[in-house]
Asks: 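What follows is a structure written as structure tokens; I'll ask about it next.
Keep in mind that the numbers below use all heavy atoms, side chains included, and drop hydrogens, waters and symmetry copies.
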2 protein chains.
Amino acid sequence: MSTKQKPADRALHLEQFLPYRLNVVGFFASRALGRVYGTRFGIGIPEWRVIAQLGEFGQLTSRDIGELSQMHKTKVSRAVSELDKRGLVTRAENRADRREAFVALTAAGQRLYAQIVPLALAFEERWIEGIAPEELRVFERVLAMLTERGRHLAGAYQTEEA
Amino acid sequence: MSTKQKPADRALHLEQFLPYRLNVVGFFASRALGRVYGTRFGIGIPEWRVIAQLGEFGQLTSRDIGELSQMHKTKVSRAVSELDKRGLVTRAENRADRREAFVALTAAGQRLYAQIVPLALAFEERWIEGIAPEELRVFERVLAMLTERGRHLAGAYQTEEA
DNA sequence: TGACATTAGTTGCGCTTGTAACTAACTGGA
DNA sequence: TCCAGTTAGTTACAAGCGCAACTAATGTCA
């Protein structure tokens, strides 16, 4: 008899099952943030992600936005359309490749971005408040590893996966 | 001038923004697991959670299931109905309180549970493989703190929140 | 006992989502 | 130059979701 226990013999406790726990905390995160954006600015998570990327990078194609913010292209398409309709972004055809368009924040979009950023950072701050910095660093490093491995295990959409 | 920087002055980088990162990793987790359950057993995440809780606790009301697995009562209701339709669970009225019913796995449900558990554990194992145990412990402790605080920040559904 | 509040669970509804199919545009080799 | 293959982005469709409203049963308090 081996001292090594077969995995099949171990019991499962959902509340300690890592995929479940990550899903729950991610759900809380997006729900809480969604409330902030939704109630004060009338936008959802996908719209927020588009704005955040444009605020950071200035000008992007929808494809770039999707890749940077891990969103399906249809979600990006709809979010950009919505923001366009509200006058928060513009779309400018790329003359060198007329399939794609450069999306950028309008002045109104930039003002909105400038309003949201401090709220988002304050939210994050309040969330991690009181957690020891070096523990947080470990947490973030492990999180990065899990995310990278999870990306492959999940096979993110039809993209890459070589 | 204070050396303490005002939060509003800091820049936001979405890919380092914690709520975003948690949401992404949670998405990968549920997508990857959903594939395993979906392709091999034809069930979704909500159904899996119901089965997992019943496999662990034996007999529960829908209310209990929802609380234990962080699901909205309508989601629980639909998942239980689906599992009932497939003959994987039974519902037995509680005679002491006829509003509620005890849900339990049938023999077929228990067999399914016994099949899924090792796969779920193997998946988790493969995911955390190679991560230093003490880093993982730190990770899980911080995760628990973030989850608990996130629960309050999000105000999980219409429940509690006192 | 009776009336009102609360709770477990279901269902109608509208919204969001991903898949698949599509259009339009570009690429690269023969 | 042409044509098959690829890519950016949109849209039709069906499935899944939460909210609100509902039913039926229980709890509470006078």
Asks: Let me know the distance between CD1 of B:Ile65 and P of C:dA8, rounded to the nearest Å.
Replies: 13 Å
Asks: To the nearest angstrom, how far is B:Leu60 atom CG from C:dG9 atom C1'?
Replies: 15 Å
Asks: Charged N to carboxylate O under 4.0 angstrom, B:Glu140 versus B:Arg137?
Replies: no
Asks: Quick one, which residues of residues 91-100 of chain B touch DNA chain C with a heavy atom under 4.0 Å?
Replies: B:Arg91, B:Arg99, B:Glu100
Asks: May I ask you to check whether over 12 heavy atoms, not counting those of B:Glu67, lie within 6.0 Å of atom CD?
Replies: no
Asks: Between C1' on C:dT16 and CD on A:Glu47, what's the gap in Å once rounded to a whole number?
Replies: 10 Å
Asks: Atom CG in A:Leu33, atom OH in B:Tyr20: separation rounded to 0.5 Å?
Replies: 13.0 Å
Asks: Out of D:dC17, D:dG9, D:dA20, which nucleotide sits closest to the side chain of A:Arg63?
Replies: D:dG9
Asks: Taking B:Glu82 first and then B:Arg78, would you say they form a salt bridge - that is, a charged N and a carboxylate O separated by under 4.0 Å?
Replies: no
Asks: Looking at C:dA8, I'd like to know if its phosphate oxygens (OP1 or OP2) sit under 4.0 Å from a side-chain N or O belonging to B:Lys73.
Replies: no
Asks: Under 4.0 Å, counting only non-hydrogen atoms across every strand here, what does B:Thr74 touch: a base, just sugar-phosphate, or nothing?
Replies: base
Asks: Quick check on side chain to side chain contact (heavy atoms under 4.5 Å, CB included): which of B:Leu54, B:Leu88, B:Leu105, B:Val103 does B:Leu83 satisfy it with?
Replies: B:Leu88
Asks: Here's a test of your reading of the structure: between B:Phe102 and A:Arg78, which maps to the more 5' nucleotide of DNA chain C?
Replies: B:Phe102
Asks: Atom CZ of B:Arg49 to atom P of D:dC17: distance rounded to whole Å?
Replies: 10 Å
Asks: Is the distance from OP1 or OP2 of C:dT10 to the nearest side-chain N or O of B:Ser77 less than 4.0 Å?
Replies: yes
Asks: Figure out the CG/P separation between B:Asp84 and C:dG9, and round it to whole Å.
Replies: 13 Å
Asks: In this structure, how many angstroms lie between the C1' atom of D:dC17 and the CD1 atom of B:Ile45, rounded?
Replies: 14 Å
Asks: Nearest whole Å is fine: how far is D:dT7 P from A:Glu67 CD?
Replies: 12 Å
Asks: Applying a 4.0 Å non-hydrogen cut-off, can you work out what A:Ser81 is touching in the nucleic acid: base, sugar-phosphate, or nothing?
Replies: nothing
Asks: For B:His72 and D:dC17, is the shortest distance between a side-chain N/O and OP1 or OP2 below 4.0 Å?
Replies: no
Asks: If I take atom OH from residue B:Tyr37 and atom CG from residue B:Leu119, how far apart are they, to the nearest 0.5 angstrom?
Replies: 8.5 Å
Asks: Tell me: NZ of A:Lys75 to P of D:dT10, nearest whole Å?
Replies: 16 Å
Asks: Side chains of B:Asp64 and B:Thr61: donor-acceptor distance under 3.5 Å anywhere?
Replies: yes
